[in-house]
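Values below: all heavy atoms of this structure, side chains included; hydrogens, waters and symmetry mates excluded. Order of the sequence lines fixes the chain letters, A, B, ..., with proteins taken first and strands second; residue numbering starts at 1 for each chain.
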There are 2 protein chains.
Amino acid sequence: MTKEQSYFKKILKDHGLKVTNQRIAVLEIFKEHSGVHLSVEEIYDFVKKDYPEIGLATVYRTVQLLSELELIDKVNLDDGYVRYEIGVMDGEKSHHHHHLICLSCGEVFAFGEDMLDSLEEHIDKTLGFKVVDHQVKLFGYCKNCRENEN
Amino acid sequence: MTKEQSYFKKILKDHGLKVTNQRIAVLEIFKEHSGVHLSVEEIYDFVKKDYPEIGLATVYRTVQLLSELELIDKVNLDDGYVRYEIGVMDGEKSHHHHHLICLSCGEVFAFGEDMLDSLEEHIDKTLGFKVVDHQVKLFGYCKNCRENEN
DNA sequence: CTTAGTGCAAAGCTTTTGCACTGCA
DNA sequence: TGCAGTGCAAAAGCTTTGCACTAAG
């Protein structure tokens with residue numbers, strides 16, 4: 001058993017939740033696709049390879065659970081699906097919903113979150129609005145696509 | 001006829017589209033609710049007061065049209081509805097998808113866009129990603145809610 | 001007159017829910 | 001063994017689409 005699995009089981013137990021094969025299997029898919037933004041349908045298709053009898057509703061419920069436990073992040077890329085990505089795998093601080101979306105190839109890149117600190121401070125001072133979470137989407141053209149067009 | 005209506009009619013004609021009462025009526029609702037983020041259902045309810053025989057499908061089609069003509073902005077506040085707001089009514093530069101969403105009362109405030117310029121410049125330099133549009137959502141607690149809690 | 005636009009109803013989509021069954025603790 | 005969790009199918013809710021009809025140009 002990997003250390004992520006042990007950690008996951010502990011969290012489930014701490015919340016009085018049961019450890020099931022389905023939950024382990026879904027988390028495993030997120031681990032195998034770190035950095036990728038998966039729709040529930042995509043997760044379902046992946047999980048079925050290892051666990052063919054799983055139901056779509058279970059995947060929906062598990063994904064909601066993982067999101068509430070803050071083990072995965074919810075991302076809306078406005079493509080008609082709600083997407084999720086694993087958030088705490090890499091050593092660095094968890095990057096929170098910051099995405100570069102290429103309008104040409106559709107690729108999604110991530111970038112760090114510290115760049116917004118001064119902005120949030122300014123908003124607090126001028127508007128009295130206390131920011132506790134943020135979601136930033138930047139649309140444009142990635143390096144590859146720009147090079148291919150030239 | 002207001003100057004916004006003349007402008008709208010010109011745009012429709014320039015695109016080879018017909019000027020219909022329904023389209024005028026929907027635009028009128030956006031004008032009356034400048035700064036508000038309306039769902040299609042809400043727009044439908046408002047329009048029906050002036051134009052009871054309008055159909056929901058027409059509102060959906062009109063809103064898509066207005067969005068393509070860049071007369072309104074599409075906003076997704078993750079509440080299950082796609083929302084729209086009029087974008088070019090005030091004299092200032094059009095504020096592009098920048099929202100402060102209060103987690104307590106649900107109120108949505110807007111803020112200016114120039115604050116992101118340095119961030120985008122940095123991204124271009126370091127990642128080679130050219131940003132052409134952006135969408136920023138900041139979640140937190142607004143002044144009112146913070147004062148009421150104390 | 002021609003055909004884009006409309007209204008209605010049906011269908012399409014993702015997501016949620018009810019309920020009997022299963023399996024973890 | 002008891003009850004949380006699951007699987008299936010049905011339902012829900014937003015949005016789109018097909019089609020006959022209406023009205024703008």
Side-chain angles (χ1 to χ4, degrees), chain A residues 1 5-6 8-29 37-45 47-69 71-72 74-84, chain B residues 1 5-6 8-29 37-45 47-69 71-72 74-84:
Chain A
M1 174 178 321
Q5 279 186 24
S6 311
F8 182 35
K9 289 190 181 182
K10 179 176 174 352
I11 290 189
L12 288 176
K13 283 176 189 161
D14 289 352
H15 285 79
L17 300 163
K18 287 182 177 170
V19 176
T20 66
N21 293 327
Q22 290 91 333
R23 286 174 178 170
I24 299 285
V26 169
L27 188 73
E28 208 59 31
I29 295 303
H37 311 80
L38 299 167
S39 69
V40 174
E41 197 74 35
E42 285 166 356
I43 297 160
Y44 178 56
D45 289 339
V47 178
K48 267 197 300 193
K49 290 177 190 161
D50 296 326
Y51 205 108
E53 64 270 42
I54 199 169
L56 181 57
T58 298
V59 178
Y60 270 100
R61 286 185 281 232
T62 303
V63 153
Q64 273 179 318
L65 183 73
L66 292 171
S67 182
E68 280 160 23
L69 295 174
L71 294 171
I72 59 176
K74 191 175 175 178
V75 184
N76 192 331
L77 302 178
D78 294 316
D79 62 350
Y81 300 83
V82 176
R83 294 178 173 278
Y84 298 87
Chain B
M1 174 176 325
Q5 279 185 25
S6 312
F8 182 36
K9 289 191 181 182
K10 180 177 173 351
I11 289 188
L12 288 176
K13 283 175 188 160
D14 289 352
H15 286 79
L17 299 163
K18 288 181 178 172
V19 177
T20 65
N21 293 326
Q22 291 89 333
R23 286 174 177 170
I24 299 286
V26 169
L27 189 72
E28 208 58 31
I29 296 303
H37 311 80
L38 299 167
S39 69
V40 175
E41 196 74 36
E42 284 165 356
I43 297 160
Y44 178 55
D45 288 339
V47 177
K48 267 197 299 192
K49 289 176 191 164
D50 296 327
Y51 206 108
E53 64 270 40
I54 200 169
L56 181 57
T58 298
V59 179
Y60 270 100
R61 286 185 282 230
T62 303
V63 152
Q64 273 179 319
L65 183 72
L66 292 173
S67 182
E68 279 161 23
L69 295 174
L71 295 171
I72 58 175
K74 191 175 176 179
V75 184
N76 192 332
L77 302 178
D78 293 316
D79 62 350
Y81 300 84
V82 175
R83 294 177 173 278
Y84 298 87

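You'll find that the side chain of B:V40 is closest to D:dT15, out of D:dG7, D:dT15, C:dT15. Picking from C:dC24, D:dT16, C:dT16 the nucleotide with the shortest atom distance to the side chain of B:Y60 gives D:dT16. For A:Y51, taking side-chain heavy atoms from C-beta onward, the closest of the listed nucleotides C:dG7, D:dG7, D:dG25 is D:dG7. When distances are taken from the side chain of B:T58 to each of D:dG5, D:dG7, C:dG7, the shortest belongs to C:dG7.
Within a 6.0 Å radius of OH in B:Y51, other residues, nucleotides and ligands contribute more than 12 heavy atoms.
Of all heavy-atom pairs spanning A:R83 and A:S39, the tightest one is NH1-N, 3.4 Å. For the residue pair A:G55 and A:Y44, the shortest heavy atom distance occurs at C-CE1, 3.7 Å. Between A:H37 and A:E42 the shortest heavy-atom distance is O-OE1, 3.8 Å.
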Quiz prompt | Pairing annotation in dot-bracket form, given for DNA chain D with Watson-Crick or G-U pairs under 3.5 Å and | for cross-strand partners | solution = |||||||||||||||||||||||||

Using atom names, set out every protein N or O paired with an N or O of nucleotides 9-12 of chain C below 3.5 Å, distance rounded to 0.1 Å.
none

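Within the 4.0 angstrom heavy-atom criterion, only backbone atoms of the sugar-phosphate kind lie near A:G80; the bases stay farther away. B:E53 comes within contact range of the sugar-phosphate backbone alone, with a heavy-atom separation under 4.0 Å but no base atom that close.
In this structure, A:K9 and A:L12 have side chains that are not in contact, with every pair of non-hydrogen atoms separated by 4.5 Å or more. The side-chain heavy atoms of B:D50 and B:E28, taken from C-beta on, include no pair separated by under 4.5 Å. Side-chain contact between A:V40 and A:L56 is present, with at least one heavy-atom pair separated by less than 4.5 Å. You'll find the side chain of B:F8 stays beyond 4.5 Å of the side chain of B:V19, heavy atoms only.
Between B:N21 and B:Y81, the residue anchored closer to the 5' end of DNA chain D is B:Y81, taking for each the nucleotide with the nearest heavy atom.
Within the structure, every side-chain polar atom (N or O) of B:T20 is placed at least 4.0 Å from both OP1 and OP2 of D:dA23. Listed pair B:R61 / C:dG5 fails the phosphate criterion, with no side-chain N or O lying under 4.0 Å from OP1 or OP2. Considering only side-chain N and O atoms, B:Q22 lies nowhere under 4.0 angstrom from the phosphate OP1 or OP2 of D:dA23. One finds a side-chain N or O of B:Q64 lying less than 4.0 angstrom from the OP1 or OP2 phosphate oxygen of D:dT16.
Here B:I43 contributes atom CD1 and B:I29 contributes atom CD1; the two are 8.5 Å apart, rounded to the nearest 0.5 Å.
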